[in-house]
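Below is one structure, written out as structure tokens, with a few remarks after it.
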Amino acid sequence: MVAAMKRTLAEKVWDRHVVRRATGEPDLLYIDLHLIHEVTSPQAFEGLRLARRRVRRPDLTLATMDHNVPTTPATPVDDISLKQMEAMARNAREFGIRLYPMGAPEQGIVHVISPQLGLTEPGMTIVCGDSHTATHGAFGAIAFGIGTSEVEHVLATQTLWAGRPGTMAVTVEGALPRGVWAKDVILGIIARIGVSGGVGAVIEYRGSAIRGLSMEGRMTICNMSIEAGARAGMIAPDDVTFAYVEKRKHAPKGAEWERALDDWRALPTDAGAHHDREVRIDASKLRPYVSWGTNPAQTVTIDERVPDPDALEPALREAAGRALRYMDLTPGTPIRDIAVDAVFLGSCTNARIEDLRVAGDVVRGRRVRAGVRALVVPGSMLVKAQAEREGLDRLFRDAGFEWRDAGCSMCLGMNPDILGPGERCASTSNRNFEGRQGPGGRTHLVSPAVAAATAIAGHFALPEDLA
Amino acid sequence: MRAVQRVVGRALPLDRANVDTDQIIPAHWLKRIERTGYGAGLFEAWRRDPAFVMNDLRYAGASILIAGANFGSGSSREHAVWALDEAGFSAVIAPRLAEIFRANCLKSGLVPVELAADEVTKLLGLVHDDPRIEITIDVERRTVEAPGLRATFALDDHAHVRLLEGLDDIAVTLAHADEITAYEAQRAAWLPSLRD
């Protein structure tokens with residue numbers, strides 16, 4: 001009986017949020033925090049209006065504008081984007097929801113600002129109409145993306161119908177080699193398990209290499225769980241987590257903080273609890289990764305060459321051939337020989353202060369290669385302000401980077417920051433799908449360190465490759 | 001949501017795995033504030049290729065999309081479902097649908113059908129051989145029938161009833177409002193609130 005009560009982190013967090021459980025139904029799950037942005041919410045609010053419904057818990061709902069905002073003050077907002085931003089402002093006002101709009105000091109990518117404000121805490125359920133909501137799992141929360149109808153459902157009921165997910169452990173043991181960052185760890189994991197490797201499960205990332213990461217590194221890992229097909233990704237909260245959360249704006253204070261800590265310390269997976277699946281990865285074997293194809297599992301290490309589709313297993317060949325045609329790459333080309341037109345340092349994956357510090361160190365005293373367009377788009381205006389206090393903006397500007405305001409920007413090409421057809425980009429974002437950064441654009445996923453070195457070299461490079 | 005008991009029609013064979021929602025509806029279409037106006041954006045980039053299967057007139061008017069595994073992966077955008085719906089599709093058949101996409105289908109009444117890989121391969125073959133064949137998806141019985149093929153698909157009872165009856169999901173949930181209120185009464189006081 002005792003053995004049956006041993007539970008994983010995901011199971012503990014899930015079970016404590018079940019409002020209703022009945023045979024033949026998914027669970028009715030309570031949502032502790034609902035994050036909203038301008039792109040996937042207008043139709044949800046319109047649905048509420050038509051049905052004369054209210055927002056059940058505006059106090060558990062936070063809105064910002066991130067997906068289509070321009071990232072330079074000089075850029076005019078197109079009429080359709082403006083309409084969407086105006087709708088967000090009107091809906092927030094009408095339904096009593098806190099909004100950090102364009103121009104607010106707290107504005108930024110929704111998955112960057114919530115942790116910064118202390119709204120993301122261990123043991124919570126967090127949803128957003130955005131698939132990278134898994135980012136918040138880094139705190140030991142269950143966090144996942146939903147569609148617009150579900151956004152409307154959460155607004156009206158503060159709950160969701162959802163089947164209890166399976167559990168999967170990805171254990172990364174050992175020391176990360178120098179120059180290997182959180183981004184390389186998650187790209188390495190996806191390369192190993194594939195874009196469907198996490199289907200149906202919440203992945204728990206664990207092991208000494210994960211415990212050794214900062215909260216920002218952990219967010220980078222959990223962020224890309226969806227790229228492995230997982231429902232969500234999580235990391236057990238520990239002292240690193242608590243130190244990050246403590247004293248932030250919305251963190252519990254005083255006696256409440258102590259009570260919260262007691263609760264959070266009971267969240268990690270029980271010894272002997274069972275995960276449905278486990279994958280073990282040797283951290284010492286990881287290297288900096290560069291994607292070559294059009295899905296996030298199509299990656300190799302920077303020391304390798306563009307693969308020959310015929311050398312891959314049969315099931316992967318056709319897609320690999322199509323990807324190489326789209327990417328205009330020739331099998332056998334060394335990754336370091338591939339020249340880029342653009343470098344994008346940004347997104348909810350890699351635009352936090354530590355990412356900017358790592359990249360800033362690489363570009364210090366150097367110049368972006370002539371002909372390469374290089375952008376830094378901080379994840380939030382708070383990140384931007386902190387970077388400017390540290391002088392990172394000077395480093396980037398002096399090197400020839402554009403220094404922008406916060407937003408999703410060139411990760412998904414909804415604002416004017418897009419690639420032209422055929423342009424090739426080293427990007428710290430999360431998706432290398434066809435056209436993701438602009439129609440016909442070609443995306444290679446990399447870490448901030450590789451992105452920075454690539455901007456200087458003009459082709460894929462590590463910081464130590466630079467003269 | 002509209003009720004759907006069955007889908008009968010011809011199919012479009014899209015024999016690719018991992019079709020992501022950026023392909024189904026590119027991001028620049030997501031700036032609209034309405035639920036309509038996405039049909040013309042469906043597979044916008046791929047449709048520029050004359051050889052793309054959607055440009056094959058033999059498949060014009062298809063109401064069932066048959067695709068490879070992991071269809072609808074990537075972004076959570078429900079606009080992908082709205083675009084398919086507007087372009088005349090009432091069901092998607094694949095060996096596996098990406099989870100958020102599948103959930104979005106169920107909210108809009110686009111029937112999500114997951115069949116075994118060999119069954120999908122067989123269906124694709126049938127449609128390639130004769131684009132005019134009629135496929136019947138019976139939601140009530142959870143079956144797919146085509147000439148020479150009969151298969152069953154999984155749909156939990158909860159989703160099944162909602163599809164068949166076209167229930168307003170939120171109204172169903174609000175019938176449990178007392179349970180939600182009771183849950184809220186015992187939530188920890190330290191949980192974050194925007195009122196703070």
Side-chain angles (χ1 to χ4, degrees), chain A residues 19-20 24-26 28 30 32-33 39-40 42-43 46 51 53 58-62 68 80-81 83-84 87 98 118-119 121 124 129-131 145-150 152-153 156-159 161 195-196 199 229 231 250 252 256 259-260 263 295 319 412-414 431 433-436 439, chain B residues 1 16-18 20-23 26-28 30-35 44-46 69-70 73-82 96 98-101 103-104 106-108 156-159 168-174 176-177 179-180 182-184 187-196:
Chain A
V19 171
R20 174 189 167 82
E25 290 180 5
L28 186 62
Y30 198 80
D32 289 323
L33 178 66
V39 169
T40 58
Q43 297 86 355
E46 187 59 19
R53 287 177 174 136
D59 58 324
L60 305 183
T61 310
L62 173 69
N68 70 24
I80 312 175
S81 295
K83 218 168 130 192
Q84 203 163 50
R98 174 85 53 89
L119 286 166
E121 296 172 14
M124 294 172 66
D130 186 281
S131 59
I146 56 177
T148 297
S149 294
E150 289 187 319
E152 183 179 339
H153 190 277
T157 70
Q158 204 58 31
T159 63
W161 294 97
V195 292
S196 298
V199 166
R231 295 266 296 269
H250 291 281
E256 298 274 89
R259 272 194 285 278
D263 181 76
N295 78 51
L412 85 166
M414 278 197 73
R431 291 195 173 128
F433 297 154
E434 290 180 27
R436 171 80 178 176
Chain B
M1 187 181 84
R16 295 185 188 186
N18 303 319
D20 59 77
T21 51
D22 278 84
Q23 308 317 313
H28 70 89
L30 272 52
K31 296 181 183 183
R32 302 177 58 77
I33 59 173
E34 298 85 10
R35 268 181 189 260
E44 181 182 53
W46 290 353
N70 201 26
S73 54
S75 158
S76 62
R77 60 188 72 163
E78 194 165 327
H79 312 65
V81 171
W82 302 337
R96 194 177 62 72
E99 288 180 70
I100 304 175
F101 176 81
N104 288 339
L106 289 168
K107 300 290 181 185
S108 290
D156 70 72
D157 294 346
H158 187 76
D168 174 355
D169 219 21
I170 294 173
V172 171
T173 306
L174 288 176
H176 300 296
E179 289 161 88
I180 299 172
Y183 179 88
E184 285 174 329
R187 290 177 76 236
W190 46 260
L191 282 161
S193 157
L194 272 301
R195 271 195 314 246
D196 297 342

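Below, chains carry the letters A, B, ... as their sequence lines are ordered, and counting in each starts from 1.
- Contact of E121(A) with chain B is made through the side chain alone, with heavy-atom distances under 4.5 Å.
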For side chain to side chain contact (heavy atoms under 4.5 Å, CB included), just list the numbers for T173(B) and T159(A), CA-CA rounded to whole Å, side-chain angles, deciding distance to a tenth of an Å, and then say yes or no. CA-CA 8 Å; T173(B) 306; T159(A) 63; 3.4 Å; yes

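- Top candidate by heavy-atom pairs under 4.5 Å with chain A, chosen from H28(B), H79(B), R77(B), is H79(B).
- The line from CD1 of I146(A) to CG of N104(B) is 9.0 Å long, rounded to the nearest 0.5 Å.
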For R20(A) and I180(B), what are the C-alpha separation, side-chain angles and deciding distance, and is it a side chain to side chain contact (heavy atoms under 4.5 Å, CB included)? CA-CA 8 Å; R20(A) 174 189 167 82; I180(B) 299 172; over 6 Å; no

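- A salt bridge links E152(A) to R35(B): one of the charged nitrogens lies within less than 4.0 Å of a carboxylate oxygen.
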Should V199(A) and R96(B) be marked as a side chain to side chain contact (heavy atoms under 4.5 Å, CB included) after you check the CA-CA gap, both sets of side-chain angles, and the distance that decides it? CA-CA 10 Å; V199(A) 166; R96(B) 194 177 62 72; 3.1 Å; yes

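- For chain A, the nearby parts of A171(B) are the backbone and the side chain; heavy atoms of each come within less than 4.5 Å.
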Residue pair W190(B), D263(A): steps toward the side chain to side chain contact (heavy atoms under 4.5 Å, CB included) verdict: CA-CA 10 Å; W190(B) 46 260; D263(A) 181 76; 3.4 Å; yes

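- When D157(B), I170(B), V81(B), V172(B) are compared by the number of non-hydrogen pairs under 4.5 Å with chain A, I170(B) comes out ahead.
- Contact of R98(A) with chain B is made through the side chain alone, with heavy-atom distances under 4.5 Å.
- Heavy-atom minimum distance, G145(A) versus I100(B): O-CD1, 3.5 Å.
- Between D32(A) and R187(B) there is a salt bridge, since at least one side-chain N of the basic residue sits less than 4.0 Å from a carboxylate O of the acidic one.
- Classified by interplanar angle (parallel below 30°, tilted 30° to 60°, perpendicular above 60°), the ring pair W161(A)/H158(B) is tilted.
- The two atoms that bring L412(A) and A27(B) nearest to each other are O-CB, 3.4 Å, heavy atoms only.
- The CH2 atom of W82(B) lies 6.5 Å from the OG atom of S149(A); values are rounded to the nearest 0.5 Å.
- Counting heavy-atom pairs closer than 4.5 Å to chain A, the top-ranked of the candidates E44(B), E184(B), M1(B) is E184(B).
- Contacts of L30(B) with chain A are made by both backbone and side-chain atoms, with heavy-atom separations under 4.5 Å.
- Using a 4.5 Å cut-off between heavy atoms, T148(A) contacts chain B through both its backbone and its side chain.
- Atom CG of residue L28(A) and atom NE2 of residue H176(B) lie 7.0 Å apart, to the nearest 0.5 angstrom.
- Heavy-atom distances place both the backbone and the side chain of A260(A) under 4.5 Å from chain B.
- Here the side chain of H250(A) pairs a donor or acceptor atom with the backbone of S193(B) at under 3.5 angstrom.
- Heavy atoms closer than 4.5 Å to chain A are found in both the backbone and the side chain of A189(B).
- Contact annotation for D59(A): both backbone and side-chain heavy atoms come within less than 4.5 Å of a heavy atom of chain B.
- In terms of modelled atom types and a separation under 3.5 Å, the side chain of K83(A) and the main chain of I33(B) share no donor-acceptor contact.
- Taking both residues in full, the closest heavy atoms of P192(B) and G118(A) are given as CB-O, 4.4 Å, listed atom of the first, atom of the second, then distance.
- The side chain to side chain donor-acceptor pair (under 3.5 Å) test applied to K107(B) returns D169(B), not counting sequence neighbours.
- At a 4.5 Å heavy-atom cutoff, the contact between E34(B) and chain A is made by backbone and side-chain atoms alike.
- Heavy atoms of E179(B) lying under 4.5 Å from chain A belong to its backbone as well as its side chain.
- For chain B, the nearby part of R431(A) is the side chain; its heavy atoms alone come within less than 4.5 Å.
- Judged by distance alone, the side chain of Q43(A) and the main-chain N or O of R32(B) form a donor-acceptor pair under 3.5 Å.
- In this structure, E434(A) contributes its side chain and W46(B) its backbone to no donor-acceptor pair below 3.5 Å.
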